[in-house]
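Below: one structure, written as structure tokens.
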There are 2 protein chains.
Amino acid sequence: MRHGPDIAPVAALIGDPARAAMLTALMDGCALTAGELAREAGVTAQTASGHLTKMEEAGLLVRRKQGRHRYVALAGDEVGRMLEAMMGVAAASGRTRTRTGPKEPALREARVCYDHLAGGQAVAMLRALIGREEIVEDGEGLTLTDAGAIRFESFGADLPTLRRARRPICRACLDWSERRFHLGGGLGAAVLTELYGRGWVKHEPGTRAVRFSNSGMALFRMPLGSKNRRQFIQVHPNETVP
Amino acid sequence: MRHGPDIAPVAALIGDPARAAMLTALMDGCALTAGELAREAGVTAQTASGHLTKMEEAGLLVRRKQGRHRYVALAGDEVGRMLEAMMGVAAASGRTRTRTGPKEPALREARVCYDHLAGGQAVAMLRALIGREEIVEDGEGLTLTDAGAIRFESFGADLPTLRRARRPICRACLDWSERRFHLGGGLGAAVLTELYGRGWVKHEPGTRAVRFSNSGMALFRMPLGSKNRRQFIQVHPNETVP
DNA sequence: CGGATGCTTCGGCTGCCGCCGAAACGTCGG
DNA sequence: CCGACGTTTCGGCGGCAGCCGAAGCATCCG
């Protein structure tokens, strides 16, 4: 007999192409209006409205009324992580997307996963942190060490506030393009916020991609908040991060 | 406008209640037969067969033919992680069921599978061997390493003779009670023969069950053919061997 | 060899649901 | 107030897909 929550209803919701397109469009963490989502999904406004109602009732979305618009966003990072995991499986299913375009490499390099950084750069960052034991893997989860806490505080993360929040500091989020984990959770979100604030990365409007500035990339690849020259992202010699 | 893999097809598959029940039943990493999954999902065998074909084509499942059964398992831990994430989201309206208990405890513990040992003890043995890299999994099969050859020779296996035989030395055999692999092939048969010869196990007449003697159990759980006290069955509780 | 069991394929039925047209509701600007 | 716009509700249509009965293979067993 089955044990655990019934996943069929939520999966059936995501299984519709129009709804899946809407959810994918919301994966960058930005709120969109119902009309924008309707265009994104290629359906009429009334059809989209029905979809959004169902997904809100299922707890996948939140809607916020503002004037005569109604802004829609993912209900939380848990939804974002679920979608990212589903993308990983969908990518492994061998379904090569014909959506190749020049934006594809940029997406693999760096993008937003709900509220934190994803893509090759994010995976490399977590690997560097683990390599220096500033974050350690224990069992299925990630834990910030004292050395890591010092580094992130000097980078600008407000760790006391993060620790008080209900949300876990570190969360292992599976990256669909790299097939490895990157850093999510409150700390992952804080890093992306800081990257925005410092102007090291810029969000590409209408996509999930983010673009590093030249100086931002150079600084990001040094240890965050440190003044020495040791690379932040320690890449193995045979690997290249453009 | 959408970027990234298309999640709709895989989500639509999971969205069907029957298929979701099957996947949930497979979430513990154990393999089940098509008939068992049909009963689990509450559909007929032919309906379940169609579902399984679709999910295999989508890369969610792997099927392995063995005798007149066909064992089904999740395609990998990535699929398991995705389902777990979906359960987390579905937990808002989820419900739980209890799992079926064991029927025959003695049979589940240890029994004969043709000519080799099966049951919980046999599964634990293979997991320990793999954990110490005395047997390695490569692709579809099992391979005895040099370290493993030394151990089994000191335990009493005649490896040169086994290597000359047409029968493969190691064969991964699916355990019906544990739903995980145990060791079959010529080596598995040799182990059971040696267990009989040493009097560590006795066959229960009229059944397939075998019973360990107290001393035999203690000795079996140490590394075969070794004199130190390291446990032969060293398995972490949450370790999984597909 | 012949019956039993497990799994798959085929064909047809049925119900569900996504879709849109039409129209109502709420908000903003003039 | 009165249109314009964004969003939602209602009703009906159409297609897809899940379901099962029957039949066909494959395998095991006596």
Side-chain angles (χ1 to χ4, degrees), chain A residues 6-26 31-58 60-73, chain B residues 6-23 25-26 31-58 60-73 111-115 118 171 173-174 176 179 184 206-208:
Chain A
D6 188 6
I7 59 177
V10 53
L13 281 178
I14 308 170
D16 178 75
R19 288 190 290 252
M22 296 179 187
L23 292 169
T24 302
L26 292 170
L32 298 174
T33 68
E36 287 171 323
L37 288 171
R39 266 174 261 122
E40 188 76 28
V43 295
T44 59
Q46 62 267 30
T47 300
S49 176
H51 287 323
L52 293 174
T53 301
K54 289 175 185 173
M55 289 194 282
E56 184 184 28
E57 287 170 351
L60 294 176
L61 302 177
V62 288
R63 285 196 284 188
R64 186 164 174 274
K65 192 165 180 172
Q66 187 164 321
R68 54 181 168 181
H69 294 280
R70 233 173 141 178
Y71 282 94
V72 183
Chain B
D6 188 5
I7 59 177
V10 53
L13 281 177
I14 309 170
D16 179 76
R19 288 190 290 253
M22 295 179 187
L23 292 169
L26 293 169
L32 297 173
T33 67
E36 287 169 324
L37 287 170
R39 266 172 261 125
E40 188 78 29
V43 295
T44 59
Q46 61 268 28
T47 299
S49 177
H51 287 322
L52 293 174
T53 301
K54 290 176 185 172
M55 289 194 282
E56 185 184 28
E57 286 170 351
L60 294 176
L61 301 177
V62 289
R63 283 196 286 187
R64 180 190 169 88
K65 191 169 180 176
Q66 183 163 319
R68 57 180 166 182
H69 294 281
R70 220 165 153 185
Y71 282 92
V72 183
R111 66 181 179 278
V112 176
C113 178
Y114 302 116
D115 59 356
R171 179 162 179 249
C173 185
L174 253 173
W176 68 256
R179 309 300 174 181
T207 74
R208 294 174 57 192

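Fair warning: this is a prediction, and the values are worked out from it, not measured in the lab. Throughout, protein chains are lettered first and strands after them, A, B, ... in sequence-line order, and every chain is numbered starting at 1.
Among the nucleotides D:dC19, D:dG18, C:dT8, the one closest to the side chain of B:K54 is D:dG18. Taking the side chain of B:H69 as heavy atoms from C-beta on, and the options C:dC7, C:dG18, D:dT9, the nearest nucleotide is C:dC7. Here the nucleotide nearest the side chain of B:A34, chosen from D:dC19, D:dT9, C:dC7, is C:dC7.
Side-chain N/O atoms of B:R63 include one lying less than 4.0 angstrom from OP1 or OP2 on C:dT8. Residue B:R70 places no side-chain N or O under 4.0 Å from the OP1 or OP2 atom of D:dT27. OP1 or OP2 of C:dC20 has at least one side-chain nitrogen or oxygen of A:T47 nearer than 4.0 Å. The side chain of A:H51 places an N or O atom within less than 4.0 Å of a non-bridging phosphate oxygen (OP1 or OP2) of C:dC19. Between B:T44 and D:dC19 there is no side-chain N or O to OP1 or OP2 distance below 4.0 Å. Phosphate proximity of D:dT27 to B:K65: present, with a side-chain N or O under 4.0 Å from OP1 or OP2.
No option in B:R19, B:H51, B:E57 other than B:R19 meets the side-chain contact (heavy atoms from CB on, under 4.5 Å) test with B:L13.
The two residues A:A41 and A:A18 make their nearest non-hydrogen contact at CB-O, 3.5 Å. The shortest non-hydrogen separation linking B:A34 to B:L52 is CB-CD1, 3.7 Å. Smallest separation of non-hydrogen atoms from A:L61 and A:V72: CD1-CG1, 3.7 Å. Taking both residues in full, the closest heavy atoms of A:A21 and A:E40 are given as O-CG, 4.2 Å, listed atom of the first, atom of the second, then distance.
Atom-to-atom, OH of B:Y71 to P of C:dT8 comes out at 14 Å; the value is rounded to the nearest Å. In this structure, A:L52 atom CG and D:dT8 atom P are separated by 7 Å, rounded to whole Å. One atom, CE of A:M55, and another, C1' of D:dT7, lie 15 Å apart when rounded to the nearest Å. Atom P of nucleotide C:dG6 and atom CD of B:E40 are separated by 17 Å, given to the nearest angstrom. One can place CD of B:E56 at 13 Å from C1' of C:dC7, the figure rounded to the nearest angstrom. Between A:M22 atom CE and D:dT7 atom P the separation is 11 Å, expressed in whole Å.
Proximity of B:I14 to A:I14: side-chain heavy atoms (C-beta onward) are nowhere separated by under 4.5 Å. The side-chain heavy atoms of B:T53 and B:R63, taken from C-beta on, include a pair separated by under 4.5 Å.
Along DNA chain C, the nucleotide closest to A:A12 and the one closest to A:Q46 are compared, and the more 5′ of them pairs with A:A12.
Base engagement by A:A45 is indicated by at least one non-hydrogen atom pair under 4.0 Å involving a base atom.
Comparing the axis of the opening five pairs of the helix from C:dC1-D:dG30 to C:dG30-D:dC1 with that of the closing five pairs yields an angle of 30°, rounded to 10°.
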